[in-house]
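Working notes, structure below.
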Amino acid sequence: MTTRPDRRWFERDAPVVGPDLLNKLLVVTVDGITCSGRIVETEAYMPDDPASHTFRGLSLRNAVMFGPPGHLYVYLSYGIHQCANVVTGPAGSGQAVLIRAVEPVDGLDVMRARRRRPDRELANGPGKLCQALGIGAAHDGVDLLASDVAIVDDGVGSPTHPVVGPRVGITRATATPWRFRVPVE
DNA sequence: GCCTGGATTGTCT
DNA sequence: GACAATCCAGGCA
């Protein structure tokens with residue numbers, strides 16, 4: 001059985017939604033093809049965080065992050081890689097949860113064709129999961145509650161003891177323990 | 001198999 | 001003009 005979180009679920013603070021997103025399914029339908037993956041790693045970003053895009057205030061690129069919660073924020077990194085974020089917190093708060101990694105569930109064939117990489121590298125990174133699932137700039141700002149991109153709960157529930165650690169790959173605020181991932185079973 | 005270094009494009013100051 | 005929440009290839013153990 002699968003359920004989908006409501007708007008209120010996304011309206012909580014990023015450090016709260018982050019661990020709750022673990023074990024949820026990210027379902028993306030592009031060109032009539034549906035791909036999904038289990039979220040295994042996330043990171044929380046707050047407006048008072050020097051590493052956050054919203055730290056310096058509103059801009060064209062991060063406008064979605066200041067919008068209502070439950071929306072998808074897709075941004076470009078290094079010009080070629082894109083990363084998917086889930087907007088959280090009350091509208092205008094500028095919070096988001098970065099989806100760092102997913103575990104492929106459905107649409108493996110499509111993902112392999114898109115990635116042309118070994119299975120273990122299909123979606124184990126922010127840029128990779130976007131490419132594997134087919135997330136692009138066209139999905140920037142879409143509503144996760146009413147679009148081809150959705151977050152669903154398959155009944156597994158989030159881990160009781162998610163692994164929490166410092167964020168990596170960024171140059172600022174690396175000491176903030178807002179990286180969450182599913183424990184290795 | 002693990003680690004290190006370089007590449008690459010869009011956005012903001 | 002400089003920076004960025006990364007990825008991939010290559011080299012060494």
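As the structure is a prediction and not an experimental result, all values here were calculated from the model. No hydrogens, no waters, no symmetry mates; every other heavy atom, side chains included, goes into these values. Convention: sequence-line order gives letters A, B, ...; per-chain numbering from 1.
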Can you tell me how far apart CG (A/Leu129) and CE (A/Met111) are? Round to the nearest 0.5 Å.
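With rounding to 0.5 Å, CG (A/Leu129) is 9.5 Å from CE (A/Met111).
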How long is the line joining [atom1] of [X] and [atom2] of [N], in whole Å?
X        : N      : atom1 : atom2 : value
A/Asp140 : B/dG10 : CG    : P     : 15 Å
A/Phe55  : B/dT13 : CZ    : P     : 12 Å
A/His81  : C/dC7  : NE2   : C1'   : 4 Å
A/Asn124 : C/dC8  : CG    : C1'   : 12 Å
A/Glu121 : B/dC2  : CD    : C1'   : 13 Å
A/Asn62  : C/dA4  : CG    : P     : 15 Å
A/Asn85  : C/dA5  : CG    : P     : 12 Å

Knowing that exactly one of A/Val40, A/Thr42, A/Leu21, A/Val163 qualifies, which makes a side chain to side chain contact (heavy atoms under 4.5 Å, CB included) with A/Phe180?
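So, applying the side chain to side chain contact (heavy atoms under 4.5 Å, CB included) to A/Phe180 and each of A/Val40, A/Thr42, A/Leu21, A/Val163, only A/Thr42 qualifies.
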Closest to side chain of [X], choosing from [options]:
X        : options             : result
A/Leu98  : C/dC8, C/dA4, C/dA5 : C/dA5
A/Ile80  : C/dA5, C/dC8, B/dT8 : B/dT8
A/Lys128 : C/dA5, C/dA4, C/dC7 : C/dC7
A/Tyr73  : C/dC8, B/dA7, C/dA5 : C/dA5

May I ask you to decide whether A/Arg38 forms a salt bridge with A/Glu103, counting only side-chain N to carboxylate O separations under 4.0 Å?
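Between A/Glu103 and A/Arg38 there is a salt bridge, with a charged N closer than 4.0 Å to a carboxylate O.
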Does A/Arg117 place a side-chain N or O at less than 4.0 Å from the phosphate oxygens OP1/OP2 of C/dA9?
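Indeed, a polar side-chain atom of A/Arg117 lies that close.
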Considering just the side-chain nitrogens and oxygens of A/Arg61, establish if one lies under 4.0 Å of OP1 or OP2 belonging to B/dT13.
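For B/dT13, OP1/OP2 do not have a side-chain N/O of A/Arg61 under 4.0 Å.
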Verify the stacking flag for A/Tyr78 against B/dG10: centroid separation must be under 5.5 angstrom and the ring planes must differ by under 30 degrees.
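Not stacked by the 5.5 Å and 30° rule.
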Smallest separation among heavy atoms of A/Asp20 and A/Arg12, with atom names
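Minimum heavy-atom separation between A/Asp20 and A/Arg12: OD2-NH2, 2.9 Å.
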List the atom of A/Pro47, the atom of A/Gly94, and the distance in Å for their closest heavy-atom pair.
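The answer is CD-O, 3.6 Å.
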Using Watson-Crick or G-U wobble geometry with both distances below 3.5 Å, tell me the partner of C/dA5, or none.
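Partner of C/dA5: none found under 3.5 Å.
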Nucleotide paired to B/dT8 in any strand shown, Watson-Crick or G-U, under 3.5 Å:
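Paired with no nucleotide.
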So does A/Tyr75 reach the base of C/dA5 with its side chain, donor to acceptor, closer than 3.5 Å?
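Indeed, a donor on one side and an acceptor on the other fall under 3.5 Å apart.
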Ignoring hydrogens and angles, answer whether the base of C/dA4 and the side-chain atoms of A/His53 contain a donor-acceptor pair closer than 3.5 Å.
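Checked by distance alone, the answer is no.
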Just checking A/Leu76: base, sugar-phosphate only, or nothing, at a heavy-atom cut-off of under 4.0 Å?
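Sugar-phosphate, no base atom in range.
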